[in-house]
Amino acid sequence: MAKGYQQHQERLQLLGLLGKPLARRAGRRCELCETSDTELRPFEIPPVSVEPDLDQMLLLCVTCNDQIRDPRKIQPERWRCLETAIWSTLPATQVVALWLLRRLVPLTPWANEVLEMIDLDPEIAKRVSQMI
Ligand SMILES: [Zn+2]
């Protein structure tokens with residue numbers, strides 16, 4: 001068996017182990033838009049570490065997941081939820097919210113207004129700058 005394949009399998013197994021604590025933390029709600037009663041999927045904040053890390057993961061609804069993975073699909077008005085998410089106590093939510101807000105700046109005027117209101121945590125800003 002190829003080493004890369006085996007590493008990939010081990011990683012998937014570790015990811016599986018994080019499924020339960022992640023679901024517990026999210027409480028059946030999308031950790032960005034807070035939609036409940038919908039299918040939720042884990043999202044790993046890039047750059048993806050060798051060992052999966054709960055602090056680098058969010059449990060997101062399908063719509064959030066899709067639009068983050070493919071920013072061409074971003075619908076600006078859908079993301080007004082970021083006005084709340086950016087104040088989250090969960091750093092991973094803040095990281096992805098900030099990343100999205102920056103993407104939204106050229107698309108809509110309110111994104112910049114939100115960015116001007118927040119006190120940017122240097123640690124969060126650093127993590128956002130590392131996202132690809
Ligand atoms: Zn969502």
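As the structure is a computational prediction, the values presented were derived from the model and not from experiment. This chain uses plain numbering: 1 for the first residue, then up along the sequence.
In this structure, Met131 and Pro46 approach most closely via the heavy-atom pair CG-O, 3.2 Å. Here the closest non-hydrogen pair linking Glu51 and Arg11 is C-NH2, 4.5 Å. Shown here for Trp87 and Ile118, the closest heavy-atom pair between the two residues is CZ2-CG2, 3.8 Å. Between Leu32 and Ala85, the shortest heavy-atom distance links the atoms O-CB, 3.7 Å. Taking every heavy atom of both residues into account, Arg29 and Ser36 meet most closely at CG-CB, 3.9 Å.
A distance of 8.5 Å separates CD1 in Ile45 from CD1 in Ile68, rounded to the nearest 0.5 Å. Rounding to the nearest 0.5 Å gives a distance of 12.0 Å between SG of Cys64 and CZ of Arg41. Rounded to the nearest 0.5 Å, atoms CG (Leu98) and CG (Leu115) are 6.5 Å apart. Atom OG1 of Thr35 sits about 10.5 Å away from atom CG of Leu60, to the nearest 0.5 Å. Atoms CG and CD1, on Asp119 and Ile124 in that order, are 12.5 Å from each other to the nearest 0.5 Å. Annotation: the span from Glu10 atom CD to Tyr5 atom OH amounts to 11.5 Å, rounded to 0.5 Å.
In this structure the side chain of Phe43 never reaches within 4.5 angstrom of the side chain of Cys30, judged on heavy atoms. Counting heavy atoms from C-beta on, the side chains of Glu34 and Cys81 never come closer than 4.5 Å. Two residues are said to be in side-chain contact when any heavy atoms from C-beta on lie closer than 4.5 Å; Leu90 and Arg25 meet this criterion.
Note on Leu107 and Val128: same hydrophobic cluster, where clusters join Ile, Leu, Val, Met, Phe, Trp and Tyr whose side-chain heavy atoms are under 4.5 Å apart, directly or indirectly. Cluster membership for Val105 and Trp110, using ILVMFWY side-chain heavy atoms within less than 4.5 angstrom, is shared. Residues Leu54 and Leu14 are members of separate hydrophobic clusters, defined by side-chain heavy-atom contacts under 4.5 angstrom among Ile, Leu, Val, Met, Phe, Trp and Tyr. Both Met57 and Leu12 sit in one connected hydrophobic cluster of ILVMFWY residues. Membership requires side-chain heavy atoms under 4.5 Å apart, directly or through other members.
Panel note: side chain Glu31, backbone Leu59; a donor-acceptor pair is recorded below 3.5 Å.
Residues passing the salt bridge (Lys or Arg N to Asp or Glu O under 4.0 Å) test with Glu116: none are found, sequence neighbours excluded.
A donor-acceptor pair shorter than 3.5 Å cannot be found between the side chains of Gln94 and Arg127.
Each side chain to side chain donor-acceptor pair (under 3.5 Å) pair with one or both residues in residues 58-76, not counting sequence neighbours, appears once here: Asn65-Arg69, Gln67-Gln75, Gln67-Trp79, Asp70-Arg72.
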Practice prompt. Would you sort out whether Leu58 and Val95 count as a side chain to side chain contact (heavy atoms under 4.5 Å, CB included), showing the intermediate values?
Written response: CA-CA 10 Å; Leu58 286 177; Val95 168; over 6 Å; no
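For the pairing with Val114, the side-chain contact (heavy atoms from CB on, under 4.5 Å) check across Leu101, Leu82, Leu104, Thr84 returns one residue only, Leu101.
Heavy atoms of other residues, nucleotides or ligands lying less than 6.0 angstrom from CZ of Arg78 number more than 12. Counted within 6.0 Å of CD on Glu77, heavy atoms from surrounding residues, nucleotides or ligands total more than 12; the atom is thus considered enclosed.
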